[in-house]
Structures are given as structure tokens and as C-alpha cells.
Amino acid sequence: MSGSTSSRSALVVGAGIGGLTAALALSRTRWRVTVLERAPELDEVGAGLSIWPRAWRILGDLGIADRLVDGTRPAIQAGLRRPDGRWLAKVRAEASGRTPVMVHRARLHSALVGALEEREDVEVRTGVTVTGLAGLDAHGPADLVVAADGIRSVIRNELHQREDVRYAGYTAYRGVTAEPVPGEASTTGGETWGSGVRFGCAPLVDGRTYWFVTANRPAGENSGDHHADVTALVGDWHEPIPQLLAATPPSAVIRGDICDLRLPLRRFDHGRVALLGDAAHATTPNLGQGACAAIEDAAVLAAQLAGHARIDSALVAYDRIRRPATQRLVRASRLVGVLGQVDNGPVVAARDAGLAGVGAIAGLVSR
Ligand SMILES: Cc1cc2nc3c(=O)[nH]c(=O)nc-3n(C[C@H](O)[C@H](O)[C@H](O)COP(=O)(O)OP(=O)(O)OC[C@H]3O[C@@H](n4cnc5c(N)ncnc54)[C@H](O)[C@@H]3O)c2cc1C
């Protein structure tokens, strides 16, 4: 860090997508940044992430988008289907800047790590578990603390005096095919809704296909064989679902119970501390926007800090901009989850009829 021209220093807790994006955005606005991550190494796992246009533009401004995509993206057929393959709603998703870019989370994570390694004013310390705000002083004086320590944030729990995570009632399995799968799987995305079970898939920018399955389950239930579980759930649904499962090695299937924050936080700012990403507004993944929201938080935080002389005023402005938007997202996503996980026969039939009607109207309008 010798020869640094940075004037202010920040500690970022958590090296997930949110923390790393915040570190990069701050460093580009002349902050000296130390990132503290409890994992011993930065070898991010995960599966696919949909990156929606606003977040993608931010990644472009930060020089990350070019590290993820080369060339143009093909248009794909997307929409909502029933397990027998009948479309309830169909859209042609042109790669026009209005549709999400599908990237592997590990690839986005390593692109961020790579960009940070090139910045002389950023240090990432791994194997450091933060236990609370008091202990942070041991890592050097900081004008700003960014709590990006995820859904079970110790800093949020300390500031808000409660552990507030809610199980949504369903678990998610995620997988990525080992290789690109030819045919329909390379040109088709979207979701298929059954009774208490959903399947979704989309081609990633590297040609492989990302897929997920959600299923109503008691919290923590785990057979240990995720591939067998998803095969039992959706293995006899329409193509290309069986084809995608067959193209995915069992070891590449991960599983996690879906949670969000039970109650919305009343503020994301506390003096020199800003809550960011899942630490501030963990959401169910039904709209595929949690990481996008963390990326947007990072950009807004850096912009407000650049535009305000006082850090606490900048954080108040950050809170005013990001809290309403992200809390709307959490509510909307929760609602989609309730609709998608319905498992009562007559209600499923009514839901599907309603969705088919909406799909038909949307199709006519788009034509
Ligand atoms: C099934 C599923 C599908 C999803 N799909 C999408 C999608 O398509 N698009 C999208 O935008 N989002 C999606 N999301 C949401 C997205 O994954 C998260 O919102 C996003 O990764 C949150 O990033 P984060 O950096 O805030 O938190 P995290 O990724 O949880 O990172 C927190 C980091 O902090 C570290 N940490 C935690 N506690 C401490 C501590 N005490 N000390 C030090 N370090 C600590 C952790 O090790 C971790 O590295 C999905 C989520 C799920 C579950």
C-alpha cells in the first residue's frame, strides 16, 4: 500500500458478491479498503445467477462485464410451462439489454477477485471471522464499515438486537451441466410449475445450462443424494428437463433451504456502518435478484460517499435510496414463492388457468 493516494479507509466484512463489489466500487472512488472474510480461501461455489440490466450496467462500469462475456448472446425462448410441457406463457427473450445475463456465480466471484487483485489499495484477508463491531478495531482504524456478511450477519444482529431469519417452507436444488447441452436446452429458458415443485433453467454465457428445483420440505431435511432427490421430483417432466439432469454430475448438485428476513429492517445505516446485500435485505430467490440488489447497493453506496462530505450523511442517503427498493423486492419475491409453491390440487389448477390467461393477453400485446 505504499505510495497510496487514498484518503479514507473502509473495512468490508464479507467477500461475497456484495462485499467484493462494494470493495471495488469504493476503491475506484479513492477509498483504501480491507475486506475480512471468514472462509479460509476465496473459492466461491454456487451455480447460476441471473444478472439483470441495472446490475449488469454497474458491472460494466466497474470493468467486470467484459471479463464475463465475450461476443453476443443468443436470443432464447423463455416462459412458464406445466410439467407436461404445455406453455402457460411464452416470451422470446431477445438479448437486447432488457433481459438478464446468466453467469456462473463462481465466474462472477473470481472476476471480482481478479479486479481487486489489480488494485493496490485493496487487501482481502481470508480466515478472519468477525464476531462483532468491537473486534473490528483490531484490523486497523476505519472511517467506514460495510457489513456484507450475508443473511446471518453478525453485525446486523448486533445492531438490530435480533436474529431474524425465516424459512420460506421450500428448499432449492441447483445444478449446472458439465458441458453445453445441444438442442432445446441451449435455446430455452424459463420455469415449469407443478404442485409444490418448480423447475427453472437458462443457458449460461459459457454455453452450459444452469437449472434449479424448488420443493416444499420441512427445514433441514436432507437425504444426502441431491441428484436422486431432483430426479424423483422432476425426472419425468417435459424435455429438456430429464436431458439436463442426465447431463449434470451428481457432485455438481447443491441444496439449500430458502430463507429471507422475517421483518424488514428500519434502517441500513448506523453511524459509520452500512448494511449491504443479504445482510440488509436477504430475499427469497424467486425473482433472481438478490445478488443484483447487492451490486446496486454497492454502486449507490460508493456514489453517495463520493457526493457527501460527511460519511454519516452519505449513509443516510444510501439508506433512503436502497431500503424502499430492496424491501419491495423482498415482498414481491415472497409472493411469487407462495404462488409457485402452491400444492393444493384445485388451487394449482386455478393458478395455472389464471397464468395461462395472463400469458395469452401478454402474448397478444407483445404481438
Ligand atoms: C437458490 C438461490 C438462487 C439465487 N439466484 C439468484 C439469481 O439468479 N440472481 C441474483 O441476483 N441473486 C440470486 N440469488 C441471491 C444471491 O445469491 C444472494 O443475494 C447474494 O449472493 C448475496 O450476496 P452477499 O454478498 O450479500 O452475501 P453472501 O454471498 O452470503 O456473502 C457473505 C460473505 O460474508 C462471509 N461472512 C459471513 N459471516 C462472516 C463473519 N462473521 N466474518 C467474516 N466473514 C463473514 C461469508 O463467508 C460470505 O463470503 C439466489 C440465491 C439462492 C439461495
Which atom names give the shortest non-hydrogen contact between S195 and N344, and what distance separates them? OG-N, 4.4 Å
So, the side chain of T187 versus the backbone of E184: is there a donor-acceptor pair under 3.5 Å, distance only? yes
Among D269, V300, L276, side-chain contact (heavy atoms from CB on, under 4.5 Å) partner for R322: V300
Among L275, V130, L136, L36, side-chain contact (heavy atoms from CB on, under 4.5 Å) partner for V145: L136
Does a side-chain N-to-carboxylate-O contact under 4.0 Å join E158 and R156? no
Out of curiosity, does I241 fall in the hydrophobic cluster containing M102 (side-chain heavy atoms, cut-off under 4.5 Å, transitive links)? no
If you measure from the Lys or Arg side-chain nitrogens to the Asp or Glu carboxylate oxygens, is any gap between D260 and R166 under 4.0 Å? yes
Measuring centre to centre across the rings, with the benzene-like ring taken for any Trp, is H281 within less than 6.0 Å of F268? yes
Looking at R86 and D84, is any side-chain nitrogen of the basic one under 4.0 Å from a carboxylate oxygen of the acidic one? no
Any carboxylate oxygen within less than 4.0 angstrom of a Lys/Arg side-chain nitrogen, looking at D257 and R255? yes
Which heavy atom of G288 sits nearest to which heavy atom of S50, and what is that distance? O-OG, 2.9 Å
Tell me whether the count of non-hydrogen atoms from other residues, nucleotides or ligands lying under 6.0 Å of CZ in R320 goes above 12. no
E191/R81 salt bridge by N-O under 4.0 Å criterion: no
